[in-house]
Amino acid sequence: LRRSPDDMNITEDLYEEVARIYGYDQIEHIPLLSDTTYMSYTDYVALQRHLEDILVRTIGCNQMETYPRISEKILQEFWKQPEQMYMLQNPVNPESPYMRDDLIYGLLAYTARNSKFFDTFKIFDIGKIRTKAQKTWKISEFASSFVNEQTQLGIMLYEKNITQRDQDPLLEAKYIAKTIAKELKLWTLSFEKTAIAHFHPKKQAIIKLWDSVIGFIGSLHPVILQSQKIRETSGVVYLSLNLTTIVDLIKQSHEHIYTYETLQDQIIRRDICFVVDANKSFDGVISAVKNVSEVKEVEVFDIYAGKNLW
């Protein structure tokens, strides 16, 4: 078989030629082996999984996945200026070039659609938000150095008809916030009134943990409901929690509350059987096992002798 001199440059080229002449079909298939290591959850993923379990199993919410970009029309509905948002120069969807600074926009859109088919529901999403920092941007900097990126939990509650005060979803949203705080062992939540334009003036508050603001709760303003073609008699409440802030506060109060054991740190007990000649002592086996650095304790609990050993 003729080969060009340029085809034979390294040792692997020779291996390839031998294998080709011998026949690829005659080579036994052996799977590649590699070591795998246990990777623990990051603080954010561990917290996210825990919150998902609370919201779905305990509270009965439905998880959604909202789009991270918003349009200028939505900004106008929420009385926000485009200068307050980050804008992509080459967005996938030219109509939605702005990077969201809150999960409320996508959750409200889903609420408007589902309000036509359901009388009551609770939905949530966990995702990234990006708020515009006051720092002046330099062209030599990466976006990560000046974009304030955080992780947020957003929950939207909808009730079609509110005829009594106890039907107001604001009460349930407050209960959800307290339930999450209890599950995360954050016992000192407090609520302080705010005055944000697109929420009901008497039904809104920031949520504080100790002296830090970690979230917001409020009923959407009737003007916002009207813009989304939702009945003004309906109740739509938004609850948000800043997971970035919560994780930082948890680390300060209890450093290891959301860390997981690595495989090397787990205590493993195993029963091991050894078959030795009857005329030999077990002391050599026990000594050999004790010499393994990872083994901390060895205990002999049974000895059996008979003809049925194999």
Side-chain angles (χ1 to χ4, degrees), residues 51 54-55 59 61 74-81 84-85 100-108 111-112 120 122-126 129 131-134 148 150-228 230-250 252-253:
L51 288 173
I54 296 171
L55 292 169
I59 300 174
C61 295
I74 294 177
L75 292 180
Q76 293 173 354
E77 292 175 355
F78 280 83
W79 302 302
K80 286 197 172 185
Q81 299 298 324
Q84 299 175 300
M85 316 292 289
R100 67 185 177 190
D101 62 348
D102 201 297
L103 296 179
I104 188 173
Y105 312 109
L107 288 174
L108 180 58
T111 301
T120 180
K122 301 183 286 286
I123 59 176
F124 77 95
D125 187 21
I126 299 175
I129 61 171
T131 56
K132 204 164 188 178
Q134 301 298 325
N148 183 16
Q150 299 178 327
T151 304
Q152 186 185 59
L153 163 66
I155 306 172
M156 193 76 78
L157 296 86
Y158 171 80
E159 187 69 38
K160 184 175 182 179
N161 294 306
I162 301 178
T163 57
Q164 299 178 359
R165 183 180 179 277
D166 58 0
Q167 295 178 331
D168 192 337
L170 184 66
L171 301 177
E172 186 173 7
K174 192 173 182 179
Y175 164 77
I176 292 174
K178 291 182 176 180
T179 299
I180 292 175
K182 181 179 179 181
E183 290 289 335
L184 299 181
K185 296 181 173 56
L186 309 174
W187 304 99
T188 55
L189 286 189
S190 61
F191 300 86
E192 295 183 7
K193 291 182 179 181
T194 55
I196 300 177
H198 48 271
F199 287 95
H200 194 289
K202 295 183 179 180
K203 295 182 178 181
Q204 55 175 290
I206 57 172
I207 304 173
K208 299 185 71 175
L209 174 62
W210 303 306
D211 294 326
S212 301
V213 177
I214 64 168
F216 176 85
I217 184 173
S219 296
L220 287 169
H221 198 283
V223 175
I224 297 294
L225 300 184
Q226 186 178 11
S227 68
Q228 298 292 322
I230 300 175
R231 296 173 54 177
E232 295 182 19
T233 55
S234 302
V236 181
V237 173
Y238 178 62
L239 167 65
S240 67
L241 294 174
N242 190 312
L243 304 188
T244 302
T245 303
I246 291 175
V247 168
D248 291 340
L249 292 174
I250 289 175
Q252 295 174 14
S253 62

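By convention here, the first residue in the shown sequence is residue 1. Keep in mind that the numbers below use all heavy atoms, side chains included, and drop hydrogens, waters and symmetry copies.
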With the side chain counted from C-beta on, respond yes when [X] and [Y] share a heavy-atom pair under 4.5 Å apart, and no when they do not.
{"X": "Tyr175", "Y": "Thr179", "value": "yes"}
{"X": "Tyr158", "Y": "Pro169", "value": "no"}
{"X": "Leu51", "Y": "Phe124", "value": "no"}
{"X": "Leu220", "Y": "Met156", "value": "yes"}

Which distance, rounded to the nearest 0.5 Å, do you find between the [atom1] of [X] and the [atom2] of [Y]?
{"X": "Lys160", "Y": "Ile230", "atom1": "NZ", "atom2": "CD1", "answer": "12.0 Å"}
{"X": "Lys122", "Y": "Glu172", "atom1": "NZ", "atom2": "CD", "answer": "4.0 Å"}
{"X": "Leu170", "Y": "Lys202", "atom1": "CG", "atom2": "NZ", "answer": "14.0 Å"}
{"X": "Ile104", "Y": "Asp125", "atom1": "CD1", "atom2": "CG", "answer": "13.0 Å"}
{"X": "Glu183", "Y": "Ile54", "atom1": "CD", "atom2": "CD1", "answer": "4.5 Å"}
{"X": "Leu108", "Y": "Leu225", "atom1": "CG", "atom2": "CG", "answer": "7.5 Å"}

Name all pairs fulfilling the salt bridge (Lys or Arg N to Asp or Glu O under 4.0 Å) condition that reach into residues 206-218, sequence neighbours left out, sorted by first residue then second.
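For residues 206-218: Glu192-Lys208.
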
Going by side-chain contact (heavy atoms from CB on, under 4.5 Å), Leu153 matches just one of Leu239, Leu55, Ile246, Leu103. Which one?
Leu55

Which of these, Asp248, Leu249, Ile207, Asn242, sits in a side-chain contact (heavy atoms from CB on, under 4.5 Å) with Ser212?
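Between Ser212 and the candidates, side-chain contact (heavy atoms from CB on, under 4.5 Å) is satisfied uniquely by Leu249.
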
Heavy-atom pair with the smallest gap, counting every atom of [X] and [Y]:
{"X": "Ala181", "Y": "Leu189", "answer": "CB-CD1, 3.3 Å"}
{"X": "Leu171", "Y": "Arg165", "answer": "CD1-O, 3.5 Å"}
{"X": "Ala173", "Y": "Val237", "answer": "CB-CG1, 3.6 Å"}
{"X": "Gln167", "Y": "Asn161", "answer": "OE1-O, 3.6 Å"}

Give a yes or no answer on whether the side chain of Gln226 reaches the backbone of Pro222 with a donor-acceptor pair at less than 3.5 Å.
no

Can a donor-acceptor pair be found, under 3.5 Å and without considering hydrogens, that links the side chain of Ser240 to the backbone of Gly215?
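No.
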
Can Phe216 and Asp102 be said to form a side chain to side chain contact (heavy atoms under 4.5 Å, CB included), step by step?
CA-CA 11 Å; Phe216 176 85; Asp102 201 297; over 6 Å; no

I'd like to know whether Asp101 forms a side chain to side chain contact (heavy atoms under 4.5 Å, CB included) with Lys132, so could you lay out the CA-CA distance, the side-chain angles of the two residues, the decisive distance to 0.1 Å, and finally the verdict.
CA-CA 8 Å; Asp101 62 348; Lys132 204 164 188 178; over 6 Å; no

Apply the test side chain to side chain contact (heavy atoms under 4.5 Å, CB included) to residues Glu159 and Asp168: give CA-CA distance (whole Å), side-chain angles for both, the deciding distance (0.1 Å), then the verdict.
CA-CA 7 Å; Glu159 187 69 38; Asp168 192 337; over 6 Å; no

Applying salt bridge (charged side-chain N to carboxylate O under 4.0 Å, His left out), can you list everything that pairs with Lys182, at least two apart in sequence or on another chain?
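Partners of Lys182 by the salt bridge (charged side-chain N to carboxylate O under 4.0 Å, His left out) criterion come out as none, since no residue qualifies.
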
Go through the steps for Val247 and Thr151 under the test side chain to side chain contact (heavy atoms under 4.5 Å, CB included), then give the verdict.
CA-CA 10 Å; Val247 168; Thr151 304; over 6 Å; no

How are the rings of Tyr238 and Phe199 set relative to one another: parallel (under 30°), tilted (30 to 60°) or perpendicular (over 60°)?
parallel

